[in-house]
Amino acid sequence: MPPHQAALLAGRTVSATRSDPLPLDEDGLPIQTRIRSHAESTALNVVAILRETWEDFRNADRYFKVKAAILGAWAVLSLAGVFVACPAAPTLGGPSTSLGARLIMGEETEHPAYVLSNESDRAWEEVVVVVNHTYRAAISHVEPRAFVTITPKQLMGDNGKLAPFNLKATDIELHTRKGSVLLLKEGQLQ
């Protein structure tokens, strides 16, 4: 039973005062009050400084205002340039894994080609590309930011059987020493 209910049943009154006093600073004020007053004082000082700066700007001559406008335009254009130069989030067909793998498929159906791009900062070691769960191509090393082109001529199946020259890939898997990723599943980029 909570203490206030026990006290009520016993006919005693319960005080709402704190059992321990609030911590006080050296001036004898609670610490929260001092922090709140300092925050208010700082906010008011910032507003006063901004108001004075605005008044000084309004009273300045025309050439100073032109210089300020040029400086402001330069700052806006610089920030816009940085924003445009920053890399965006990966899109469909972009790096889809921690491996940084991206698949680029050729448009020609008679002579298909598949380009694997290592868009990571790490090299891939012991790379095996599996197409349609049957045909494989092995590459010992792929440098960071490098491309590898796979054609049906490079793919081998069981017992050294070559892939058909017009093989249409529906599934493509990439296996490396660091991990694996499914790049194409049932004809859809992953």
Side-chain angles (χ1 to χ4, degrees), residues 2 32 35-36 38-40 42-43 46-47 49-50 53-54 66-190:
Q32 292 98 346
I35 291 173
R36 186 179 303 121
H38 280 298
E40 289 173 358
T42 303
V46 167
V47 168
I49 290 170
L50 290 175
T53 304
W54 178 250
V66 170
K67 289 179 191 177
I70 291 170
L71 184 63
W74 173 81
V76 167
L77 290 174
S78 296
L79 289 174
V82 168
F83 178 75
V84 168
C86 289
T91 57
L92 182 64
S96 58
T97 67
S98 61
L99 293 175
R102 185 171 82 154
L103 175 65
I104 303 167
M105 297 176 49
E107 296 294 324
E108 188 162 335
T109 57
E110 289 182 24
H111 304 287
Y114 309 100
V115 178
L116 297 172
S117 172
N118 180 359
E119 296 189 351
S120 72
D121 294 327
R122 294 183 179 163
W124 294 339
E125 302 289 335
E126 301 173 12
V127 179
V128 176
V129 179
V130 181
V131 178
N132 295 348
H133 306 289
T134 307
Y135 302 102
R136 300 178 185 331
I139 304 146
S140 63
H141 183 84
V142 178
E143 288 293 326
R145 310 280 179 214
F147 295 93
V148 175
T149 303
I150 306 289
T151 63
K153 289 181 182 179
Q154 297 166 302
L155 296 170
M156 297 187 86
D158 295 333
N159 297 326
K161 181 182 172 190
L162 291 176
F165 72 93
N166 60 352
L167 174 72
K168 175 157 176 49
T170 56
D171 297 290
I172 296 180
E173 301 171 44
L174 172 70
H175 300 277
T176 70
R177 184 188 303 170
K178 296 286 184 182
S180 301
V181 63
L182 185 63
L183 297 172
L184 186 70
K185 182 178 181 181
E186 297 174 4
Q188 299 295 318
L189 289 172
Q190 298 296 305

Residue pairs involving residues 141-167 (criterion salt bridge (charged side-chain N to carboxylate O under 4.0 Å, His left out); sequence neighbours excluded) = D121-R145

query = Under the salt bridge (charged side-chain N to carboxylate O under 4.0 Å, His left out) rule, what pairs show up with a residue in residues 75-85, not counting sequence neighbours?
reply = none

task = Kindly write out the residues that satisfy side chain to side chain contact (heavy atoms under 4.5 Å, CB included) with V148, not counting sequence neighbours, or none if the list is empty.
result = I139, V142, I150

ask   = By ring pair (Phe, Tyr, Trp, His ring centres under 6.0 Å), which residues pair with W74, not counting sequence neighbours?
value = none

request  = Please name all residues satisfying salt bridge (Lys or Arg N to Asp or Glu O under 4.0 Å) with E126, sequence neighbours left out, ordered by chain then number.
outcome  = R177

key: Candidates I172, L183, V129 - the one meeting side chain to side chain contact (heavy atoms under 4.5 Å, CB included) with Y114   = I172

note = Taken to the nearest 0.5 Å, the spacing of I35 CD1 from H38 NE2 works out to 8.5 Å

key: Note, P112 side chain near P152 side chain (heavy atom, < 4.5 Å)   = yes

Extract all donor-acceptor atom pairs below 3.5 Å that involve side chains of residues 130-137 and protein atoms in other chains or at least two apart in sequence.
from: N132; atom 1: OD1; to: T170; atom 2: N; distance (Å): 2.7
from: N132; atom 1: OD1; to: T170; atom 2: OG1; distance (Å): 3.0
from: N132; atom 1: OD1; to: D171; atom 2: N; distance (Å): 3.1
from: N132; atom 1: ND2; to: K168; atom 2: O; distance (Å): 3.1
from: H133; atom 1: ND1; to: E173; atom 2: OE2; distance (Å): 3.1
from: T134; atom 1: OG1; to: N132; atom 2: O; distance (Å): 3.0

inquiry  = Show the nearest heavy-atom pair for residues N118 and A123, with the distance to one decimal.
reply    = ND2-CA, 4.0 Å

key: side chain to side chain contact (heavy atoms under 4.5 Å, CB included) between K67 and I70, worked out   = CA-CA 5 Å; K67 289 179 191 177; I70 291 170; 5.7 Å; no

query = Quick one: are L103 and L116 in side-chain contact, heavy atoms under 4.5 Å?
reply = yes

